[in-house]
Amino acid sequence: MDAASVLSAEAFDRIRRAAAAATAAGSLDPSAAPTLSASEFSALDRRVRDLISPRAEELTEKPGGLRSAIALTNLAARSIWRRERIAADQYEAFVGLFRAEGVEVGPGDGSRRLRR
């Protein structure tokens, strides 16, 4: 998450556009993201927001930029955290958006994280 949080506004915009295109094509389904317990989701969401929200001014230059940066980072982080709960193609759909922007995705156990 830390590496994703410092992506440029342009990178987040490319991720947003790629996600929209993949969703329209049917290769990315946000409802397929793994679920977390309420406490896990709350902690993850708070961490993502704490990392990205300070960049609100920069990210809101594009309509929906802040909201999509938070939502897509959250989806990727959930996918990494609960990798075993989703199909390989959906995992790649969520995480590949960030990998395409140079974010390394760590190997896999419950401690998976987005890192640069």
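- With sequence neighbours left out, the side-chain contact (heavy atoms from CB on, under 4.5 Å) criterion links Pro54 to no other residue.
- Of all heavy-atom pairs between Arg85 and Pro34, the closest is CB-CB, 4.1 Å.
- Summarising the geometry of Val95 relative to Ala76, their closest heavy-atom pair is CG2-O, 4.1 Å, with the distance given to 0.1 Å.
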Original post:
Between Glu57 and Leu66, is a side-chain contact (heavy atoms from CB on, under 4.5 Å) present by the stated rule, with each step listed?
Top reply: CA-CA 9 Å; Glu57 186 174 327; Leu66 177 62; over 6 Å; no

Original post:
What's the verdict on side-chain contact (heavy atoms from CB on, under 4.5 Å) for Phe94 and Ile80, showing C-alpha distance, side-chain angles and the deciding distance?
Top reply: CA-CA 9 Å; Phe94 296 131; Ile80 292 166; over 6 Å; no

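- In this view, Ala100 satisfies the side-chain contact (heavy atoms from CB on, under 4.5 Å) rule with no residue, not counting sequence neighbours.
- The main-chain N or O of Ser39 is never found under 3.5 Å from a side-chain atom of Ser42 such that the two would form a donor-acceptor pair.
- The two residues Ser5 and Asp2 make their nearest non-hydrogen contact at OG-O, 2.7 Å.
- Checked against Val48 for a side-chain contact (heavy atoms from CB on, under 4.5 Å), the options Ile52, Leu51, Asp50 give a single hit: Ile52.
- Between the Arg82 side chain and the Ala33 main chain, no donor and acceptor come within less than 3.5 Å of each other.
- Taking each heavy atom of Leu72 and Phe98 in turn, the nearest pair found is O-CE1, 3.4 Å.
- With rounding to the nearest 0.5 Å, the separation of CD1 in Ile70 from CG in Asn74 is 9.0 Å.
- Ser79 and Arg83 form no side-chain donor-acceptor contact under 3.5 Å, judged by distance and modelled atom types alone.
- Here the CG-CG distance, from Leu28 to Asp89, works out to 10.0 Å after rounding to the nearest 0.5 Å.
- At least one cation-pi condition fails for Arg78 and Phe41: the charged atom is not both under 6.0 angstrom from the six-membered ring centre and inside a 45 degree cone around its axis.
- Nearest heavy-atom pair, Ala11 versus Glu101, reported as atom, atom and distance to 0.1 Å: CB-OE1, 3.5 Å.
- Taking Asp29 as the reference, Ser31, Ala32, Gln90 meet the side-chain contact (heavy atoms from CB on, under 4.5 Å) condition, with sequence neighbours excluded.
- Ion pairing between Arg99 and Glu92 holds under the 4.0 Å rule for side-chain N and carboxylate O.
- Scanning all heavy atoms of the two residues, the minimum distance from Ala93 to Ser27 falls at CB-O, 3.4 Å.
- Put simply, CG on Leu7 and CG on Leu59 are 10.0 Å apart, with the number rounded to the nearest 0.5 Å.
- Distance check, rounded to the nearest 0.5 Å: CD of Glu10 to NZ of Lys62 gives 7.5 Å.
- Counting only heavy atoms from C-beta outward, the side chains of Trp81 and Leu44 approach each other to under 4.5 Å.
- With rounding to the nearest 0.5 angstrom, the CZ atom of Arg17 is 12.0 Å from the CG atom of Leu97.
- Considering only heavy atoms from C-beta on, Phe12 comes within 4.5 Å of Thr73 through its side chain.
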